[in-house]
Structure formats: C-alpha cells, structure tokens
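Let me begin by presenting the structure, written as structure tokens, before commenting on it.
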Amino acid sequence: MRIAMASDHGGFELKEALRTYLTNAGHEIIDLGTKDDASTDYPIYGQKCAEYVVGGGADKGIVLCGTGIGISIAANKVKGARCALCASETLAELAANHNDANLIALGGRTTSFDAAVRYVEKWLATPFDGGERHVRRVRMLTEM
Ligand code: RB5
C-alpha cells in the first residue's frame, strides 16, 4: 500500500520508527516531513499529508504530532480528508470500519511504538463496512 506520512517535531521520532517498520512490512512510504526534530508547526504537515492523500498520491496517510490532536485538526480542514486520532485498537478499527478514515493521527508523546504499530495494523487490516448508513454519513462529511 502507498502510505503518506508527515509529522511535526513532536511526532518525528515515532514517524521515523513507523516509517522503518512499514517499509520493512512491504509498504511504499511517502515521507512528507518533517526531516528532523527541530521545532516546527503541525498545521503545515497535517495539511500537506491530507492534500497528498485526497489528491490520490497515496492510498492512506498517517500524521503525527505530540498528541496527535493539532495535526488531526489540521488534516481535517482539507476537503475529503477523514482523519481519526487513534488512541486504542478499537478506535483504529472503527475509524476504518465506520468512518472510512483515509488518515489516522497518532501522538508521538502519548503513544508507544508498540501501541502505534497495533493501531496502524488494525486500521490497515480493517475494511470499510460499506453499509448504506455508513456510506451516507461519509458522503455527508465529504459534502460539508
Ligand atoms: C508541539 O509542542 C505540540 O504542541 C504539538 O506537537 C501537538 O501536540 C499539538 O497538538
């Protein structure tokens, strides 16, 4: 799968670790930055990754900041982005199954590497439910 990733400084370390993990797992990773742990602004990277995914450059996107909150807010400003901040496997599963989340956000300062791997794997492995009510709600989001 083609997966775009982006983070600010707060998510940088976890982004790097996840990038290596997902590359080794056979995914094609598009790293949209940031490239080091120097202080930067999460809105830049949330927007960049969401636009990349919505524009068709990648199948899905993963964005990271210190908490995942700021960068998820930024990503969701992009029309067509459905970015879910995931802090459990259940949230990751439902983000895919009910919301057809095309991006997830993770907190580099709040989520361990092992937990992040579990959330990402669950999200990637879970199909969208596809039922009429979920399709209708996702369409409503897209039209907002
Ligand atoms: C940066 O210090 C921090 O505010 C940012 O990474 C993120 O947690 C914001 O939501």
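- Residues meeting the side chain to side chain donor-acceptor pair (under 3.5 Å) test with Glu13, sequence neighbours left out: none.
- Residue pairs meeting the side chain to side chain donor-acceptor pair (under 3.5 Å) criterion with at least one partner in residues 60-85, sequence neighbours excluded, are Arg82-Asp100.
- Under the salt bridge (charged side-chain N to carboxylate O under 4.0 Å, His left out) criterion, Arg136 pairs with Glu132, sequence neighbours left out.
- Nearest heavy-atom pair across Ala4 and Ala58 is N-CB, 3.7 Å.
- In this structure, Thr126 OG1 and Leu124 CG are separated by 8.5 Å, a value rounded to the nearest 0.5 Å.
- Atom SG of Cys86 sits about 10.0 Å away from atom CD1 of Ile62, to the nearest 0.5 Å.
- Screening residues 120-144 for ring pair (Phe, Tyr, Trp, His ring centres under 6.0 Å), with sequence neighbours left out, gives His98-His134.
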Criterion side-chain contact (heavy atoms from CB on, under 4.5 Å) on Phe113 and Leu18, from CA distance to verdict: CA-CA 7 Å; Phe113 171 71; Leu18 277 178; 4.2 Å; yes
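- Identified under the side chain to side chain donor-acceptor pair (under 3.5 Å) test for residues 44-57, with sequence neighbours left out: Gln47-Glu51.
- One hydrophobic cluster, built from ILVMFWY side chains closer than 4.5 Å, holds both Val117 and Met5.
- At least one donor-acceptor pair under 3.5 Å links the side chain of Asp59 to the backbone N or O of Arg2.
- Between Arg19 and Asp31 there is a salt bridge, since a side-chain N of the basic residue sits under 4.0 Å from a carboxylate O of the acidic one.
- If you take CG on Asn102 and CG on Asn99, they are separated by 10.5 Å, rounding to the nearest 0.5 Å.
- Considering CG of Leu22 and NZ of Lys15, their distance stands at 12.0 Å, rounded to 0.5 Å.
- Taking hydrophobic clusters as Ile, Leu, Val, Met, Phe, Trp and Tyr residues chained together by side-chain heavy-atom distances below 4.5 Å, Tyr21 shares a cluster with Leu106.
- Across every non-hydrogen atom of Ala81 and Leu103, the tightest pair is CB-CD1, 3.9 Å.
- Side chain of Asn97 to backbone of Pro127: a donor-acceptor contact under 3.5 angstrom is found.
- Both Ile44 and Tyr42 are part of a single hydrophobic cluster, where members link through side-chain heavy atoms under 4.5 Å apart.
- Considering all non-hydrogen atoms of both residues, Thr111 and Tyr119 come closest at CG2-CE1, 3.7 Å.
- Between Val63 and Cys83, the shortest heavy-atom contact is CG2-SG, 3.8 Å.
- Distance CG/Leu64 to CG/Leu14: 5.0 Å, rounded to 0.5 Å.
- The salt bridge (Lys or Arg N to Asp or Glu O under 4.0 Å) contacts involving residues 105-131 comprise Glu89-Arg118, where partners must be two or more places apart or lie in separate chains.
- Nearest heavy-atom pair, Ala105 versus Gly68, reported as atom, atom and distance to 0.1 Å: CB-O, 3.5 Å.
- Note that OG of Ser7 and CD1 of Ile71 are 6.5 Å apart. Values are rounded to the nearest 0.5 Å.
- Within the 4.5 Å cutoff, the side chain of Leu85 has no heavy atoms near those of the Ile104 side chain.
- A pairwise comparison of heavy atoms in Ala6 and Cys49 identifies CB-CB, 3.8 Å as the closest pair.
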